[in-house]
Peer 1: 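Just passing along the structure, written as structure tokens.
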Amino acid sequence: MLLRMSSLFLRTLRDDPVDAEVPSHKLLVRAGYVRRVAPGIYSWLPLGKKVLDNVTRVIREEMDRMGGQEVLFPALLPRDYYEATGRWTEYGEALFRLKDRKGADYLLGPTHEEMFADMVRGELSSYKDFPVTLYQIQTKYRDEARPRAGILRGREFVMKDSYSFDLDDEGLKRSYEQHRETYIRTFERLGIDYRICFATSGAMGGSASEEFLAPAETGADAFVACRSCGYAANAEAVTTPAPPAGPAEHPPLRVLDTPDTPTIQTLVDFVNEHYGLGVTAADTLKNVVVKIRTPGSDKAEVLVIGVPGDREIDFKRLEAAVAPGEPEIFEAADFERHPGLVRGYIGPQVLKDLGITYLVDPRVVDGTSWVTGANEPGRHAANVVAGRDFTPDGTIEAAEIRAGDACPQCGSPLSIDRGIEIGHIFQLGRKYSDVAELDALGPDGKPIRITMGSYGIGVSRAVAVIAEQRHDELGLVWPREIAPADVHIVGTGKDDQIGVALSLAEELTARGVRVLVDDRPGVSPGVKFKDAELLGMPTILVIGRGLAQGVAELRDRASGEWEEIPIAEAVDRVAALVS
RNA sequence: CGGGACGUGGCCUAGUUUGGUUAGGGCACUUGACUGGGGGUCAAGAGGUCGCCGGUUCGAAUCCGGCCGUCCCGACCA
């Protein structure tokens with residue numbers, strides 16, 4: 001492959017685009033890899049297309065190595081498939097919907113579970129046909145409320161999605177492990193720094209689930225990590241270790257007059273000053289009322305959640321904990337309908353009598369003593385003991401996570417970082433096969449309900465993530481396997497240098513090296529060097545003022561190191577780097 | 001959907017507060033000359049419905065009204 005800058009469809013920009021915030025966005029636009037067409041929608045220019053193709057190729061090779069079989073569904077889909085699983089309505093605003101000329105409803109596929117399940121049902125019917133794993137590399141469409149960060153999070157994006165179909169849970173587990181290993185190999189090859197995090201399965205349903213997160217300050221997902229044991233989890237999936245049970249004996253419950261103490265801090269100050277309790281916010285039990293709505297219905301159940309008073313409810317964690325239910329704020333009008341709940345002074349002591357479900361943070365174990373509401377305006381209760389004065393209906397992971405919280409595996413302090421989700425694997429189970437009535441006929445002549453796994457990699461996002469992780473102040477720094485070319489040959493100065501650069505380029509091309517050569521006449525060396533650094537090929541070969549002495553410069557883009565080499569050896573040296 | 005900002009050649013922008021000749025600059029582009037190792041210099045050019053519609057006015061990029069669009073911060077996702 002030989003690309004000549006003199007004829008390459010490329011224009012680099014000196015200024016950052018005004019709408020770009022994150023480095024990958026700025027650099028991919030400045031280096032002429034992508035151009036914005038509409039919010040969250042980008043075109044790929046020749047160099048960008050090569051990068052995208054390289055990422056795609058790596059993913060495809062690893063999927064094929066695993067035994068996956070590639071298919072391709074349409075992006076434009078009729079409504080019926082998504083009607084059956086309820087997602088035509090459930091997917092909500094994020095679904096691109098359109099009508100054909102007859103007025104029939106269509107959508108642009110945001111994901112393809114339904115199509116895969118249906119295809120397998122149509123083609124396979126015997127237990128002998130399983131297991132099978134199918135995948136596709138497809139453009140997906142999601143009308144995000146707010147696309148941002150260039151191709152990191154667009155409304156149109158390329159995704160590899162695969163689905164495993166197994167006869168039993170053990171098979172599903174095997175398919176899941178295979179994908180896990182394949183993803184590890186894939187991201188290693190792509191040169192992406194990543195963490196495997198326990199995850200919640202979110203809107204897709206299903207059970208066991210892990211996310212591959214690329215650490216980045218600009219990431220949308222918070223995750224925790226433990227230095228000592230390697231535990232890592234998405235913030236939504238972090239579990240809180242329960243402390244040991246408290247002592248059996250406690251002083252009796254005591255109701256206190258606490259006027260004007262609507263917040264935790266005013267309460268703590270008041271009881272310490274007037275009653276000498278010596279408590280902190282962490283000794284109080286904050287009770288938050290929410291409504292949990294079942295999707296697709298108007299019914300909402302009232303739920304009270306108890307968390308230590310020094311912690312806020314993390315709404316994202318709450319949502320994950322109650323999924324597929326949807327939590328809603330309990331408003332003033334709701335309090336009027338439930339006179340037993342005294343706003344600001346709710347205590348768990350009465351919830352059983354009110355018939356309201358009470359879930360607590362895992363730290364609230366039997367034998368722990370709390371300061372909490374007394375269910376009367378202006379009054380709180382102290383020495384309220386879990387297991388004696390109230391009995392929760394269970395625990396819930398809804399309290400915020402903080403750096404320094406105990407690791408659920410080893411107890412060491414956790415750190416919190418941000419990351420970009422680049423892959424997600426999970427064991428879907430039978431949610432879609434139930435809807436599709438996807439069965440195989442077993443050896444005994446009875447149907448076996450197929451169990452599915454679902455696995456995604458953000459392909460175009462991976463390009464942005466690589467750019468995000470591999471750049472410096474000068475420009476992009478592509479890993480060799482992903483770079484548009486192996487070597488960027490710069491011919492500075494006059495015709496001699498450019499002529500030599502071109503002939504070296506042809507020799508290298510003949511050796512199977514992918515070459516980008518800057519043969520633009522009349523462009524100053526400074527411009528060519530800047531462009532070479534911005535574009536980010538891993539190796540830069542300069543044919544310049546050393547030509548008269550028969551030497552060239554061989555530069556490593558990532559380290560910035562360079563050496564002078566005889567031009568006669570240049571082809572061998574570069575070819576050796578590539579093999 | 002809530003909050004904030006903005007809309008001027010391909011890109012980045014000045015001008016708008018206080019209406020007044022031909023809307024100015026930088027980058028990029030074309031031509032010529034010089035230069036030739038860090039986005040070089042000089043000269044000459046091409047390129048604009050100032051987001052759209054309406055209003056006020058002798059006169060609107062500028063003031064008023066409406067609409068559209070975009071970006072950023074929050075609630076949602078490969």
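Values below: all heavy atoms of this structure, side chains included; hydrogens, waters and symmetry mates excluded. Just so it is clear: chains get the letters A, B, ... in the order the sequence lines come, proteins before strands, and each one is counted from 1. Predicted, not measured: the structure shown is a model, and the values here were computed from it.
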Peer 1: Taking the same atom, C1', in U30(B) and in G69(B), what whole-Å distance lies between them?
Peer 2: 33 Å
Peer 1: Considering only C29(B), G37(B), A78(B), which nucleotide approaches the side chain of Ser460(A) most closely?
Peer 2: A78(B)
Peer 1: Could you check whether Asp161(A) gets within reach of a base, just the sugar-phosphate, or nothing at all, counting any heavy atom under 4.0 Å?
Peer 2: nothing
Peer 1: Would you mind classifying the nucleic acid contact of Val459(A) as base, sugar-phosphate or nothing, using non-hydrogen atoms under 4.0 angstrom?
Peer 2: nothing
Peer 1: Under 4.0 Å between any heavy atoms, over every strand shown, what does Ile422(A) touch: base, sugar-phosphate, or nothing? Just pick one.
Peer 2: sugar-phosphate
Peer 1: Distance only, no hydrogens: is a donor on one side chain within 3.5 Å (strictly under) of an acceptor on the other, for Tyr141(A) and Glu156(A)?
Peer 2: yes
Peer 1: Give the rounded distance in Å between these two atoms: CD of Glu236(A) and P of A75(B).
Peer 2: 11 Å
Peer 1: Between C71(B), A78(B), G38(B), spot the one nearest the side chain of Glu533(A), thanks.
Peer 2: G38(B)
Peer 1: Can you check the His179(A) NE2 to A78(B) C1' distance for me, whole Å?
Peer 2: 14 Å
Peer 1: If we take the C1' atom in both A46(B) and C77(B), what is their distance in whole Å?
Peer 2: 46 Å
Peer 1: Round to the nearest Å and state the distance from Leu10(A) atom CG to A28(B) atom C1'.
Peer 2: 13 Å
Peer 1: Looking at His25(A) and Asp19(A), what are the two nearest heavy atoms and their distance?
Peer 2: CE1-O, 3.8 Å
Peer 1: Of the nucleotides U13(B), G39(B), C71(B), which has the atom closest to the Val18(A) side chain?
Peer 2: U13(B)
Peer 1: From the options G26(B), C71(B), C77(B), select the nucleotide whose nearest atom is closest to the side chain of Arg153(A).
Peer 2: C77(B)
Peer 1: Once you apply the 3.5 Å cut-off to both distances, tell me the Watson-Crick or G-U wobble partner of A78(B), or none.
Peer 2: none
Peer 1: Return yes if a side-chain donor-acceptor contact under 3.5 Å exists between Asn234(A) and Glu211(A), otherwise no.
Peer 2: yes
Peer 1: Mind checking if Val465(A) touches a base, just sugar-phosphate, or nothing, with heavy atoms under 4.0 Å?
Peer 2: nothing
Peer 1: With both distances under 3.5 angstrom, what nucleotide forms a Watson-Crick or G-U wobble pair with C71(B)?
Peer 2: G4(B)
Peer 1: Give Glu421(A) one of three labels, base, sugar-phosphate or nothing, depending on what nucleic acid heavy atoms sit under 4.0 Å from its own.
Peer 2: sugar-phosphate
Peer 1: Need the pair for C42(B). Rule: Watson-Crick or G-U wobble, both distances under 3.5 Å, any strand; none if unpaired.
Peer 2: G32(B)
Peer 1: Give a yes or no on whether Glu561(A) atom CD has more than 12 heavy-atom contacts from other residues, nucleotides or ligands under 6.0 Å away.
Peer 2: no
Peer 1: Is there a donor and acceptor pair, one atom on the side chain of Arg30(A) and one on the base of G39(B), closer than 3.5 Å?
Peer 2: yes
Peer 1: Regarding Gly475(A), tell me which of base, sugar-phosphate or nothing describes its non-hydrogen contacts under 4.0 Å with the strands shown.
Peer 2: nothing
Peer 1: When the P atoms of C1(B) and G10(B) are compared, how many Å lie between them, rounded to an integer?
Peer 2: 31 Å
Peer 1: Just checking, any donor-acceptor pair under 3.5 angstrom between side chains of Thr539(A) and His488(A)?
Peer 2: no
Peer 1: Rounding to a whole Å, what distance do you find between Arg14(A):CZ and G10(B):P?
Peer 2: 20 Å
Peer 1: What nucleotide, of G39(B), G37(B), C77(B), holds the atom closest to the side chain of Arg461(A)?
Peer 2: C77(B)
Peer 1: Tell me: OH of Tyr33(A) to P of C11(B), nearest whole Å?
Peer 2: 21 Å
Peer 1: Give one of base, sugar-phosphate or nothing for Gly544(A), where a contact means two heavy atoms less than 4.0 Å apart.
Peer 2: base
Peer 1: Just wondering, are more than 12 heavy atoms of other shown residues or ligands nearer than 6.0 Å to OH in Tyr81(A)?
Peer 2: no
Peer 1: With heavy atoms under 4.0 Å as the rule, sort Arg555(A) into base, sugar-phosphate or nothing.
Peer 2: base
Peer 1: Please give the distance between the C1' atoms of G26(B) and C63(B) as a whole number of Å.
Peer 2: 30 Å
Peer 1: Does Phe529(A) stack onto the base of G37(B), taking stacking as ring centres under 5.5 Å apart and planes under 30° apart?
Peer 2: no
Peer 1: Say you pick atom P in G15(B) and the same atom in C6(B); how far apart are they, in whole Å?
Peer 2: 12 Å
Peer 1: Does the structure show a Watson-Crick or G-U wobble partner for G10(B), both distances under 3.5 Å? Name it, or say none.
Peer 2: C27(B)
Peer 1: Among C71(B), G37(B), C76(B), which nucleotide has an atom closest to any side-chain atom of Pro525(A)?
Peer 2: G37(B)
Peer 1: Hey, does Gln138(A) reach any base, or is it just sugar-phosphate, or nothing, if we go heavy atoms under 4.0 Å?
Peer 2: nothing
Peer 1: When the C1' atoms of U8(B) and U49(B) are compared, how many Å lie between them, rounded to an integer?
Peer 2: 12 Å
Peer 1: Is the side chain of Arg557(A) donor-acceptor paired with the backbone N or O of Val477(A) at a distance under 3.5 Å, no angle test?
Peer 2: no
Peer 1: State which of A28(B), C12(B), C71(B) makes the closest approach to the side chain of Asp15(A).
Peer 2: C12(B)
Peer 1: In whole Å, what separates the P atom of A60(B) from that of U17(B)?
Peer 2: 14 Å
Peer 1: In whole Å, what is the span from the CZ atom of Arg520(A) to the C1' atom of U30(B)?
Peer 2: 17 Å
Peer 1: C11(B) C1' sits how many Å from Leu13(A) CG, rounded?
Peer 2: 6 Å
Peer 1: Using atom CD of Glu400(A) as one end and atom P of A75(B) as the other, report the distance to the nearest whole Å.
Peer 2: 14 Å
Peer 1: Using purine N1 to pyrimidine N3 plus N6-O4 or O6-N4 for Watson-Crick, or N1-O2 and O6-N3 for G-U wobble, both under 3.5 Å, which nucleotide pairs with U62(B)?
Peer 2: none
Peer 1: Provide the distance between the two P atoms, one in G45(B) and one in U62(B), to the nearest whole Å.
Peer 2: 30 Å
Peer 1: Hydrogens and angles aside, do Tyr183(A) and Glu62(A) bring a side-chain donor and acceptor to less than 3.5 Å of each other?
Peer 2: no
